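Below is one structure, written out as structure tokens; the observations come after it.
For clarity, every value in this text was computed on a predicted model and none was experimentally measured.
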Amino acid sequence: MTTTTKATTLSQPFNNKHFSNIPHAACVTLFTRNGRVGCGTFDRNVQTGRLVSWTAVASKNNDANGAGRELADLATVVPYVAVLDESDYTAETVAQLINYSQGFTAGDQYGTVEIGGPLRGILVLTSANGGGSYASPEPLTPQGDNTPSEAFTVSPSYEWNVNNNGDGLTVQDMYGLPTAYVYDTSTADYLRQVANEQASLHLNVQEDGTDNAYPSILSEFNYYMGPATHDGNAATSKTCLEWKDVDGLWNPRCLPLGGNSVWSVAGSPLPLGYNAGDGRPVVWVAAGMDATSMFHEMVPGANTAASNILTVLLAAQAIGGVKDEILDQLYGRIGFALFQGESYGYLGSRRFFKDLLAGFACQKGNEGVASVYKRKDDETTTRACLHPLRADLTFQNLGTVRGMIAVDQVGNLGGGKNFYVQGGESTGGFGGFLGQVMVELSTDDYLVQASAASQIAQDDGSYPLPPTPLTSLVKISDSAYGGVALTGYDDAFVANSYYHSHLDSTSKFQSIDSDAIATAATILARAAVAAAYQNEAEDVDAQTAAAYGMELIPDAISSSSETFQKLYNCLFQDGNCETFLNYATVEEKNDAARTGIDLGIGQPLKSPPNYYVSIYDLDNGQAAVRASGKLYGSLVEGDGDDVKAYGEDVNDVFILRPSLLETSVFGIFNDFLGRGSFSNDDDNSANELVKCQSTTDCSSVSYCSTASSSLQLPTCAGGLCICGSRCHYHLALDEALIPTKNKNPNYFEIQEGDAGVSAMYTEPFWDSGVGVRIYNDAGNTPGTWAMSMGAVAALLCFMVVYRLKKTLVKEKVY
């Protein structure tokens, strides 16, 4: 995000109107299982300092006064806020600033400093110039060694992020060092000028060791994000989730990160009843749908999220153009999944595959209950589980996993025309075949080849896999199920790809190859068909299977198509676009008609899009059950006198309010995959689709065939009546956490049997007054002079009045 306003200035005293709350995005704190990462103030007191260019702060010599005096000779330094350009915001720079500050005591010019040194914060300024090299804030080993997620990564010591100079800022604990990014260009230019001008004040130490502290332009940070310790121990996610107030009442101070993954199947919809699956193995086409950066309000994720989502959606559209009866005849079923929270310990993919493969056990029996009680006899009503709460149990009807084709960072190929296949034979299972198929599907313009990383054996005997949902599948299944990841990089992420940076944006410095995304989607769709075509005996070779995929999907996806352009706009430029709002509005109405409750549209994606996963609560994707008018995050019937059984009230229901992105993806999957059930023999485009606002408007549609499945009923998706809902949500939440039974939503606890290895990211509650202010502090001198002059003026006035009174009395006029 880069915005421009008219020139700003604080040159006039008390001219702080524009800067009362400076436009910014903050680096905030996250707690983990073992500690904390991110930024924040030491306590609830504001931290204030004079704006100074960081290069002056880091300088050891006082060259300005010509005395050759070293700042290191001083015991006390005027508090300051280091100002730096975004290209300089690196772990090395931060370490220099912290190291320098530790050698001094902070002065009291701007208020008493009770804790910490003179460095009171950092302001990072936007730059309009994309030149130079920018470090990725992620470690060299993303989600690997020395990160909270290292236990879940294959070959955690492998350095995928070496070409981006990954420095690991995202996993550093910067408690006491509040940091904010100023994204407004005009404001940033002015603050840069001020910081450079005030640098001389920082260097120009007087002979008596004092510093001319006034007048100065200051920055004030109010960003308390929780304490460093709790009861003498390091503050962690566990301590803040279990926090009790002074009365001993449970009052959590944070919420876990999470949301909802979205999955769907091609061909006929899955049956919803208990134990009703046909056992067909599933080939998964998957990607993450989130990203991260140092500033959680600025996570554009152009290459690390948007390109992945667009590729998977376009592949679904291509496969959705094939008749259901053809797809249903394939040995394997094709599934699509966009997993939420992958940047924070593979939240979505691990929770999904643990439920699918490790055997999810619903306390009241896996047959579950009707998610809408009054519709319990309706075959289109999904089953749900009361404890541990799952709003949709349809995943139980999926067959075993055949393999996975993941996709990652295909929007930036580093200026080349090569895609790379990660994994394959080294992942075990079906991976070797999938790798060969991908290579066979190279096009005239883009080459697909095996990654060099797949041949580099690690000390533990594993072969590297980049952080994608495939990692979760391989780790959870202990390599029983393999697969491949189609990526835009070889053995390391592409240089200057701004991996997990706020700069990964088309409005900043990121360059996205639309044709590469369209080609990747075409390859993905054909590879999925080829994989599903392989029979149980696996006697179809890769070349034959690839040829079948090309036969079934002969037309390449074009980056100039209307669908591509609309989705590109939504995912890369305007997250609150009309297309997404249309899909979300329809799903909102569908859900309201189904449950009797209109929850509205969930959290916006924003403009430009922000792919931060968000906290997990009732307003941000947490599912809940309403029983006899009360809401629960999880329900165990009979455990408490006031806990009613589900179904005692006919209006009992499970509710869920996903984000705008999750809801839109849900509707898009239904739209793209619901066109294979048209009853005529013509292609889908020959049907004049009926317009709708919700599924109730589709009752008169006659072009949906129920020959393959009675669930292929007319459904409204994106304003058009298509045939059958195939899409489902699945919670994306750290596997160690569970909603507390018989409590309101927003209460979580660590479940029994926790292995003690998950990252367990949580975000503390923000105070409503957090922010950054900039103002001009002239010090006490102007006030002293004003008071003195006022006193003199008052004395003069008194004398004049006194003399005037005496004169009037003498003249007998008074």
Side-chain angles (χ1 to χ4, degrees), residues 16 19-32 35-51 77-82 94 97-98 101-102 104-124 172-182 216-257 294-297 615 617 746 761-775 777:
N16 66 351
F19 295 91
S20 294
N21 287 290
I22 189 171
H24 71 282
C27 165
V28 302
T29 290
L30 294 179
F31 289 109
T32 68
R36 62 189 291 162
V37 298
C39 314
T41 58
F42 285 111
D43 50 33
R44 297 187 187 279
N45 295 319
V46 297
Q47 292 184 198
T48 305
R50 175 171 58 194
L51 298 180
V77 173
V78 174
Y80 56 86
V81 168
V94 172
L97 291 170
I98 293 174
S101 177
Q102 288 173 343
F104 302 93
T105 300
D108 59 0
Q109 290 87 344
Y110 311 128
T112 302
V113 177
E114 297 181 352
I115 183 173
L119 177 62
R120 310 308 291 164
I122 294 176
L123 281 182
V124 183
Q172 288 194 17
D173 178 6
M174 291 176 280
Y175 171 68
L177 186 58
T179 303
Y181 175 68
V182 180
S216 291
I217 294 177
L218 311 181
S219 177
E220 176 187 274
F221 288 88
N222 181 14
Y223 265 109
Y224 181 60
M225 293 284 159
T229 59
H230 179 76
D231 292 338
N233 298 313
T236 65
S237 289
K238 183 176 186 294
T239 60
C240 78
L241 286 172
E242 296 177 349
W243 193 84
K244 295 181 179 180
D245 62 22
V246 292
D247 296 323
L249 299 177
W250 187 11
N251 189 12
R253 296 289 87 195
C254 62
L255 284 167
L257 299 188
M294 287 302 299
F295 311 104
H296 296 168
E297 292 176 293
I615 56 174
D617 65 0
N746 307 348
Y761 281 100
T762 59
E763 182 178 307
F765 296 143
W766 294 23
D767 186 275
S768 60
V770 297
V772 180
R773 294 178 63 241
I774 307 290
Y775 60 93
D777 192 338

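- Arg120 places none of its side-chain heavy atoms less than 4.5 Å from the side chain of Phe221.
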Legend entry - Stepwise side-chain contact (heavy atoms from CB on, under 4.5 Å) check, Val46 with Thr41: CA-CA 7 Å; Val46 297; Thr41 58; over 6 Å; no
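- Annotation: side chain of Asp43 is in contact with side chain of Ile115 (closest heavy-atom distance under 4.5 Å).
- Put simply, the side chain of Thr48 reaches to within 4.5 Å of the side chain of Tyr775, judged on heavy atoms.
- When every heavy atom of Gly771 is checked against every heavy atom of His24, the shortest pair comes out as CA-CE1, 3.9 Å.
- With contacts defined as side-chain heavy-atom distances shorter than 4.5 Å, the pair Leu30/His296 qualifies.
- With rounding to the nearest 0.5 angstrom, the CG atom of Asn233 is 8.5 Å from the OG1 atom of Thr239.
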Inset, instruction - Report the C-alpha distance between Tyr110 and Arg50 in whole Å, list the side-chain angles of each, state the deciding distance to 0.1 Å, and finish with yes or no for side-chain contact (heavy atoms from CB on, under 4.5 Å). - result: CA-CA 9 Å; Tyr110 311 128; Arg50 175 171 58 194; 3.8 Å; yes
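- Thr229 places no side-chain N or O within donor-acceptor distance of the main-chain N or O of Gly232, the cut-off being under 3.5 Å.
- Taking each heavy atom of Val182 and Ile22 in turn, the nearest pair found is CG2-CD1, 4.3 Å.
- Side-chain atoms of Thr29 come within 3.5 Å of backbone atoms of Cys39 as a donor-acceptor pair (strictly under, hydrogens ignored).
- In this view, Asp247 and Asp245, Leu249 satisfy the side-chain contact (heavy atoms from CB on, under 4.5 Å) rule, not counting sequence neighbours.
- When all heavy atoms of Leu119 and Ile98 are compared, the pair lying nearest together is CD2-N, 4.2 Å.
- The shortest distance between side-chain heavy atoms of Ser101 and Pro118 falls below 4.5 Å.
- With rounding to the nearest 0.5 angstrom, the CD1 atom of Ile615 is 8.0 Å from the CG atom of Asn746.
- The two residues Trp250 and Leu241 come nearest to each other via the heavy atoms NE1-O, 2.8 Å.
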Inset, instruction - Tell me, with the steps shown, if Tyr181 and Cys27 meet side-chain contact (heavy atoms from CB on, under 4.5 Å). - result: CA-CA 8 Å; Tyr181 175 68; Cys27 165; over 6 Å; no
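- For Val770, the side-chain contact (heavy atoms from CB on, under 4.5 Å) test picks out Tyr223, Trp766, Asp767, with sequence neighbours left out.
- Atom OH of Tyr80 is separated from atom CZ of Phe104 by 7.0 Å, given to the nearest 0.5 angstrom.
- Scanning all heavy atoms of the two residues, the minimum distance from Met225 to Arg36 falls at O-NH2, 3.8 Å.
- In terms of heavy atoms, Gly176 sits closest to Gln47 at O-NE2, 3.3 Å.
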Inset, instruction - Could you walk me through whether Val94 and Leu177 pass side-chain contact (heavy atoms from CB on, under 4.5 Å), step by step? - result: CA-CA 10 Å; Val94 172; Leu177 186 58; 3.9 Å; yes
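- Contacts of Ser237 classified as side-chain contact (heavy atoms from CB on, under 4.5 Å), with partners at least two apart in sequence or in another chain: Phe31, Met760, Thr762.
- No side-chain heavy atom of Arg253 sits under 4.5 Å from any side-chain heavy atom of Pro764.
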